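Only one structure is covered here, and it is reproduced in the block below.
Hydrogens, waters and symmetry mates play no part in the numbers below; they use all other heavy atoms, side chains included. By convention in this document, chain letters (A, B, ...) are assigned in the order of the sequence lines, proteins followed by strands, and residues within each chain are numbered from 1. The structure displayed is predicted, hence computed values, not measured ones.
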Number of protein chains: 2
Amino acid sequence: MSSSDSKKTPPRITSTAEFARYIGLARTTVSRVLNRQPGLKQSTIDRVHHALTETGFTPNAYATLLKGKSTSSIGICLENLLTPPILLKLATLQRQLRSQGYTSLIEVYAHGESRNILRHFLSMRVEAVIFIGHFDAGELETRIRELIGHKTPNLVIDHHGIPLANTVTLDRAQAMREMMNHLLELGHRSFGLLGIPLEHPSRFERIHGIRAALAAHGLDLPACARSFDAQCMRTHDFEFGHALARQFLELKQPPTAYVALNDEIAIGAMRALQEAGLAIPAGASVTGFNNQDICTMMAPLLTTVDQQIEPTIKTAMQVLMSQLRDGMPARPILRTIKPELVIRQSTGRAAR
Amino acid sequence: MSSSDSKKTPPRITSTAEFARYIGLARTTVSRVLNRQPGLKQSTIDRVHHALTETGFTPNAYATLLKGKSTSSIGICLENLLTPPILLKLATLQRQLRSQGYTSLIEVYAHGESRNILRHFLSMRVEAVIFIGHFDAGELETRIRELIGHKTPNLVIDHHGIPLANTVTLDRAQAMREMMNHLLELGHRSFGLLGIPLEHPSRFERIHGIRAALAAHGLDLPACARSFDAQCMRTHDFEFGHALARQFLELKQPPTAYVALNDEIAIGAMRALQEAGLAIPAGASVTGFNNQDICTMMAPLLTTVDQQIEPTIKTAMQVLMSQLRDGMPARPILRTIKPELVIRQSTGRAAR
DNA sequence: ACCATTTGCGGACAGGTGTCCGCGTCAAGC
DNA sequence: GCTTGACGCGGACACCTGTCCGCAAATGGT
């Protein structure tokens, strides 16, 4: 319904004033239409909208937001290691934010760069900052303090134990407890830990859960579980798991069950065991963590722990929205997500 | 109300004027320090920087950028289906952009939303827009035209054949030609295509390459290759490949080689063939596409095509930078990336 | 004590938008 | 023809920063 060919290439318009001149209205009138203010004739509104689609003009967001309108943007800082579960959380979160009208600014953490990333977020006047994954604890704590100083809501997903941070995290201790109970009921008494050192702050939760499950059965951690993490380099997880399992196979009495930090490591280990002639689960049991897609592509299907990403993000959104609505909480909000054990084919009754 | 405590909790400062008042300097002086202008005493500069780290003040990016400074931001629109290769491209691209001083605005395409996404990018006055993946061709073309109208550089990675778009894409026809030559040399003469319909615009390139390789050997596509895509739903790729392979196994004379659209489908097919008692590659050959990590986690290791993501992104950056430097090109720039065949263990001599 | 130089001050303007307000215009109803 | 609304105009101010410029104050040297 528009005009003829002469208007096929409408001019490039970069300000409301220019746009108003183009359609022969006052700048203020255009602004009123754009901001849905009352008291305008329908025909005028239509005229503006029509010219809008014709020229493709968009008001300068910087001027709009400078004027004090809420930026409706959220900063998201991602852990350096982009694993499938992390990316799935990001994608789910971004979708939900978008449906609530928020834009997300995404930055990937690089060593020592968190300060600059946060400054960028703050200069963009984001309404909240979310961290997803695991970071340097001291650095993260400093960032959280800065955010609080700026009265900007914060949220940490996954990383657990930062004093003043609002946190949503999987109960990894509980996960390991359930996994160990499962293996113990199958008769296993000797365990190989893959990627889970016995003494390391970052794996504390997992070890805690393992120890608790063993204790409940009257067993002692150092007596029946070993870890060779120090001996191998962790570069590519799959090969890491492969190398670790080979270490265990050199023992006089290898463990009957292997508990891995994640699915890739578990699969690498399964591969090494199978190459050594062990059937799974008849000869040895293997467990993963994360319940990634590959778990159902293996033979046998991998027993693992599901991170419950949907509920995690749902909870995260609740924590976030409550902060955006009611302001920052007096005490940090802590939410724990219950994991779900997924028993498949890679675990079975202990051989001896 | 805060002279004593003020050191411990510095006030939240939101403008240069406020900040200048806080440290007892003129606003213009602070601004000069922040923008590294000459003619200031070192002690003054230090004083400002010190207060800056103390209060954590950051100038409002919206005011700065409104002032006309280049926004140094690039809009990236991602295909809906977040596959590992897409995400790897995104991560690589973002890293490179950041190293050049550009910020990226990331949006995931949702059906029919491309218009809004583009408007958001334009309102943020991005300096270029990049599309990664495959989209609705008509919709994408319209967006490209809009970008050209706004004199904003564009770049499409992967999607091939949009008239006015600058494009960087893998030579998928060449990839299939090489793959087919490899299989033909191994003696294969009957092929099962998995996820690659014989007649479908989106797979045209692949079919074209397959047909060319067959023709060079004096063979005819419909006579020696079949596809059962119409019979199965493509939901989860792994199960899709599994189901497709089972269809082929019901034939009196199943093919000796299977060519899959991607690695997941290939792995699903391998699984189905192995369950049916076929050894790979002795009983049948299977090939994937993308060279994802899982290819080296399978037994046997999967023969596949590497997308050459590093060179792809490197080329993309070149195309982008040349546009940002010299303005938009007279004719669209087209760059093709040469794929690399990765021969592993899942392909072998044909049984008959 | 005087002068030259360095250094900081403060006013002014631009950049694009949102919003308020008083005023002019136009059409409809009597 | 007059009144009464409804509607659009255009001026003004605010948001925050970068930059220019004239001027005052502090500094340093002799």
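A sub-4.0 Å separation between OP1 or OP2 of C:dG18 and a side-chain N or O of A:S31 is present. Phosphate proximity of C:dC9 to B:T29: present, with a side-chain N or O under 4.0 Å from OP1 or OP2.
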Report task. Go through the steps to decide whether A:R115 and A:E139 satisfy the test salt bridge (charged side-chain N to carboxylate O under 4.0 Å, His left out), and finish with yes or no. Result -> CA-CA 8 Å; A:R115 186 183 167 77; A:E139 209 175 328; over 6 Å; no
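In this entry the distance linking CD of A:Q42 with C1' of D:dA6 reads 15 Å, nearest Å. As rounded to whole Å, 11 Å separates atom P of D:dT19 from atom CG of B:L34. B:R21 has its CZ atom 14 Å from the P atom of C:dC9, to the nearest Å. Rounded to whole Å, the distance from CZ on B:R36 to C1' on D:dT17 is 16 Å. To the nearest angstrom, P of C:dG15 lies 18 Å from CD1 of A:I13. Taking atom CD of B:Q37 as the reference point, atom C1' of C:dC9 lies 15 Å away to the nearest angstrom. Residue A:K41 contributes atom NZ, which lies 9 Å from atom C1' of C:dC26 at whole-angstrom precision. If you measure from atom CG of B:L40 to atom C1' of D:dA25, you get 15 Å, rounded to the nearest angstrom.
Side chains of A:R12 and A:T55 form no contact here, defined as non-hydrogen atoms less than 4.5 Å apart. The shortest side-chain heavy-atom distance between B:T167 and B:R335 does not fall under the 4.5 Å cut-off. In this structure, B:V319 and B:V168 have side chains that are in contact, with non-hydrogen atoms separated by less than 4.5 Å.
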What nitrogen or oxygen pairs link the protein and nucleotides 11-16 of chain D at under 3.5 Å?
none

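The aromatic rings of A:Y22 and A:F19 lie tilted to each other, with the angle between the two planes from 30° to 60°. Between A:H159 and A:F135, the ring planes lie parallel to each other; the angle is under 30°, not in the 30° to 60° tilted range.
Residue B:L25 is in sugar-phosphate contact alone, with no base atom involved, counting any heavy-atom pair closer than 4.0 Å across all strands shown. The residue A:L65 sits apart from the nucleic acid: no heavy atom pair falls under 4.0 Å.
Each of A:L40, A:T29, A:I23 was scored for a side-chain contact (heavy atoms from CB on, under 4.5 Å) with A:V48, with one residue passing: A:I23.
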